[in-house]
Each structure stands twice: as C-alpha cells, then as structure tokens.
Amino acid sequence: MNLILIGPPGAGKGTQAKSICEKFNLCHLSTGDILRNEVLKQTDLGKQAKDIIDKGELVSNEIILEIIKKFISINMNNYKGFLFDGFPRSEDQADMLNNLLEEIKVGISKVILLDVDQSILLQRINKRKEEEGRDDDSEEILKSRLDVYLTQTQPLIDYYSNLKLLEKVDGTMEIIQVNQRINSILEAV
Ligand code: AMP
C-alpha cells in the first residue's frame, strides 16, 4: 500500500503519518524531515536548501527527485509500502512520483487530504513553534508557505480526485478521531 498525505502546513500530517506508518508497516517518507536533516548535517544539499526552506518556498524538483530516489531505493524492501508526506507538492512532482512508482511497478492506493481551515492553522503553527522550535514556523513564513500550498499544492486535490484516489478527512477533529477516520479508510483498501 502506497499513500500520499496532503494538507496545508500545520494540518497535522506529521503526527498522523507516524501512527499510520506504525499500524500499517509503511515507511514514512517526509521530504521536509529529510531536508531538515540535511540542513542540520550541513551537507551540500542542506546548504542549498536552507535559504529556500527559511523563506517558505519550494526547493527545486531536482533536489527533491534526488532525495526521493535515494530514500525509496534504500527502504523499498523493508516495508509494505510508503507514506509520502509533503511530497508531491505540485502537479509536476505528482507526475514525477507516477514515473518513479511505475519504474518499481507499484501504484498509489489512496491520497488522504487533511482538511483544515486557515484560521486554525496559524494557532497550531504557533503552538508547534513553541514545542519544536522550527525556524520556518513564524507567522510571516507561514503566510508564504500557505500561499505556496494554495497555488502549487491545492491543484493536486482535483488531480487525485479525477483519478478517484482522494479521501478528504476533517483535520480539525481531535488527533485520535482523525486517526480513527484514516484507519477506517485504509482498512477498506
Ligand atoms: P514540510 O515539513 O513538509 O512542511 O517542509 C518544510 C519545507 O521543506 C517546505 O516549506 C519546503 O521549503 C521544503 N520542502 C519539503 N517538501 C518539499 C517538496 N516536496 N518540494 C519542495 N520543497 C519541499
């Protein structure tokens, strides 16, 4: 089973991803986590990505393709599939993912949209900044990340609806309720 988790910044993708992966033995592929790790280790890739992440913009598709390919080839034999969190973030990236999955002869089972209203996102992001200290969790950067989400990522909702893969989940419910809702969708896959 290969899943994609889509949602605006602060929708709770990371939290849900962790419990879904544990329950269904999936490999959590978070491009944001991988990039933050590269920044922390001060690798060449991390140095290239840092300024872009700090502005809330998208790093290049070339960088994303490189990290995704590497991650998939290292992990593909150890799990029942992947949960893509934070990728794809644009239609070009969705095409990129289709090509990659075609190469390894697997498909996308479901795309879960965590739907959260913009006003709630800001409260959540402020809380996360206090708890995790992420540099890109400031109000100004959130605005830019939201703009990027609305212009580049939101079109994926129609993209995957047309492919009959999209399931919309109300992300404003309690974490446990969101989790139960996702589990029931996935148990039926
Ligand atoms: P996230 O943790 O998914 O919110 O990602 C944090 C930041 O990493 C984003 O604001 C982007 O700058 C960068 N990033 C993560 N995933 C991608 C992606 N698929 N394409 C381009 N940039 C990404």
Side-chain angles (χ1 to χ4, degrees), residues 2-21 26-72 75 82-101 108 111-116 118 120-157 159-160 169 171 175 178:
N2 293 294
L3 306 175
I4 298 173
L5 205 50
I6 296 183
K13 296 188 297 295
T15 307
Q16 292 301 329
K18 284 192 186 80
S19 47
I20 299 168
C21 286
L26 300 179
C27 181
H28 183 194
L29 194 168
S30 159
T31 39
D33 283 352
I34 298 171
L35 287 167
R36 277 185 289 280
N37 195 32
E38 296 285 332
V39 172
L40 209 68
K41 289 194 298 189
Q42 300 188 330
T43 60
D44 284 347
L45 197 150
K47 284 178 196 157
Q48 284 178 57
K50 185 174 184 335
D51 286 350
I52 302 165
I53 296 173
D54 286 347
K55 280 192 251 167
E57 292 166 6
L58 295 186
V59 306
S60 71
N61 285 346
E62 288 70 31
I63 289 183
I64 294 297
L65 188 61
E66 190 184 323
I67 60 178
I68 295 270
K69 268 188 164 171
K70 191 168 155 200
F71 193 93
I72 290 183
N75 293 290
F82 289 94
L83 187 157
F84 297 96
D85 162 12
F87 171 83
R89 253 176 156 96
S90 64
E91 288 186 323
D92 283 347
Q93 289 190 5
D95 292 339
M96 222 158 85
L97 179 62
N98 285 343
N99 293 336
L100 277 177
L101 294 181
I108 297 162
V111 178
I112 309 268
L113 166 66
L114 272 187
D115 197 28
V116 178
Q118 284 192 34
I120 297 173
L121 294 174
L122 193 59
Q123 298 168 17
R124 287 193 177 180
I125 292 269
N126 282 333
K127 191 162 166 260
R128 185 168 74 182
K129 183 166 179 60
E130 282 166 25
E131 287 169 1
E132 296 177 22
R134 267 177 62 167
D135 286 344
D136 60 349
D137 275 345
S138 76
E139 206 162 321
E140 194 188 329
I141 300 170
L142 173 66
K143 198 183 162 304
S144 141
R145 291 166 67 208
L146 260 178
D147 282 348
V148 170
Y149 175 78
L150 294 175
T151 54
Q152 310 235 41
T153 312
Q154 201 156 257
L156 291 180
I157 296 174
Y159 181 107
Y160 287 118
V169 173
I175 291 175
V178 176

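All ligand and atom numbering here is 1-based and tracks the order in the structure. Excluded from the calculations below are hydrogen atoms, water molecules and symmetry mates; all remaining heavy atoms, backbone and side chain alike, are included.
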To the nearest 0.1 Å, how far is [atom] from its closest protein heavy atom, and which atom is that?
atom: atom 22 (N) of ligand 1; result: V59 N, 3.1 Å
atom: atom 10 (O) of ligand 1; result: R145 NE, 3.8 Å
atom: atom 7 (C) of ligand 1; result: I53 CG2, 4.0 Å
atom: atom 6 (C) of ligand 1; result: R36 NH1, 3.5 Å

Tell me whether D147 is salt-bridged to K143, with the criterion being a basic N under 4.0 Å from an acidic carboxylate O. yes
Quick one: which ligand 1 atoms are inside 4.0 Å of a heavy atom on E57? 11 (C), 12 (O)
Determine, stepwise, if the pair I64 / L58 fulfils side-chain contact (heavy atoms from CB on, under 4.5 Å). CA-CA 10 Å; I64 294 297; L58 295 186; over 6 Å; no
So is D85 polar-close to ligand 1, meaning N/O to N/O under 3.5 Å? no
Does an N or O anywhere in G86 fall below 3.5 Å from an N or O of ligand 1? yes
From the candidates Q152, R89, Q93, the one that places a heavy atom nearest atom 9 (C) of ligand 1: R89
From atom 13 (C) of ligand 1, work out which of T31, L35, N61, D33 has a heavy atom at the shortest distance. L35
Within a strict 4.5 Å, meaning less than it, do heavy atoms of the N37 and K41 side chains meet? yes
Side-chain heavy-atom pair I175, Q16 within 4.5 angstrom cut-off: yes
Exactly one of L5, L114, L113 clears side-chain contact (heavy atoms from CB on, under 4.5 Å) with V169, and that residue is L114
Do other residues, nucleotides or ligands put more than 12 heavy atoms under 6.0 Å from E140 CD? no
Over 12 foreign heavy atoms within 6.0 Å of CG, L150: yes
